[in-house]
Amino acid sequence: EGLCHEYRSNLYRNKRYVDYPTNSKKCVLPCTALSVVKILESCPSCYDKSKPIGRHMEGQTVTIINRSEIVGRPLAAMLANDGADVYSVDIDSIYLFR
């Protein structure tokens, strides 16, 4: 599921590989959040593959309702890691991920 401490901390630190510096083994990502990213990748106006990695969603603003550890928070981090400004809305607060 990609929710153990190592993978979660790599996600929040935007580390995409577990075997630096060879970079041959990608980190495991939470599957539900990853599926949302894959759907957005298929939308031409959302994801710009011509930009470098980490900037595919640069200039996009996203709002995510709910900041759960299973979907909301990992999804916000993944989209922010791709360059989007992500507003994460929860019952108590609004966070901006960049």
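Because only heavy atoms are used, hydrogens play no part in the values below, and waters and symmetry mates are left out as well, while side chains stay in.
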Tell me whether [X] contacts the main-chain N or O of [Y] through its side chain, where contact means a donor paired with an acceptor under 3.5 Å.
X: D82; Y: M57; result: no
X: R8; Y: E69; result: no
X: D90; Y: D92; result: no

Using 0.5 Å steps for rounding, measure from the [atom1] atom of [X] to the [atom2] atom of [Y].
X: L11; Y: N81; atom1: CG; atom2: CG; value: 6.0 Å
X: E41; Y: L34; atom1: CD; atom2: CG; value: 8.0 Å
X: H56; Y: K49; atom1: NE2; atom2: NZ; value: 5.0 Å
X: D19; Y: S24; atom1: CG; atom2: OG; value: 4.0 Å

In terms of heavy-atom contacts, V86 and A80 come closest through CG2-N, 3.7 Å
If you compare all heavy atoms of S68 against all heavy atoms of P74, which two are closest, and at what distance to 0.1 Å? O-CD, 3.6 Å
Going only through I, L, V, M, F, W and Y residues with side-chain contacts under 4.5 Å, is there a path from [X] to [Y]?
X: V89; Y: L75; result: no
X: V28; Y: Y17; result: no
X: I64; Y: I39; result: no

Listed by chain and number, what are the side-chain contact (heavy atoms from CB on, under 4.5 Å) partners of E58, not counting sequence neighbours? K51, R55
Just checking Y87: does its OH atom have more than 12 heavy atoms from other residues, nucleotides or ligands closer to it than 6.0 angstrom? no
Can you establish whether the number of heavy atoms outside I65 located under 6.0 Å from its atom CD1 is more than 12? yes
Going by the rule side chain to side chain donor-acceptor pair (under 3.5 Å), which residues pair with S45 if we only count those two or more places apart in sequence or in a different chain? none
For a side chain to side chain contact (heavy atoms under 4.5 Å, CB included) check, start with the C-alpha distance between L79 and L40, then their side-chain angles and the critical distance, and finish with the verdict. CA-CA 10 Å; L79 296 176; L40 290 174; 3.8 Å; yes
Side chain to side chain contact (heavy atoms under 4.5 Å, CB included) assessment of V36 paired with M78: CA-CA 10 Å; V36 173; M78 291 166 76; over 6 Å; no
What do the steps show when you test V71 against N66 for side chain to side chain contact (heavy atoms under 4.5 Å, CB included), and what is the final call? CA-CA 8 Å; V71 180; N66 192 342; over 6 Å; no
Please examine the side chains of Y20 and K15, heavy atoms only from C-beta on, and report whether any two atoms are closer than 4.5 Å. no
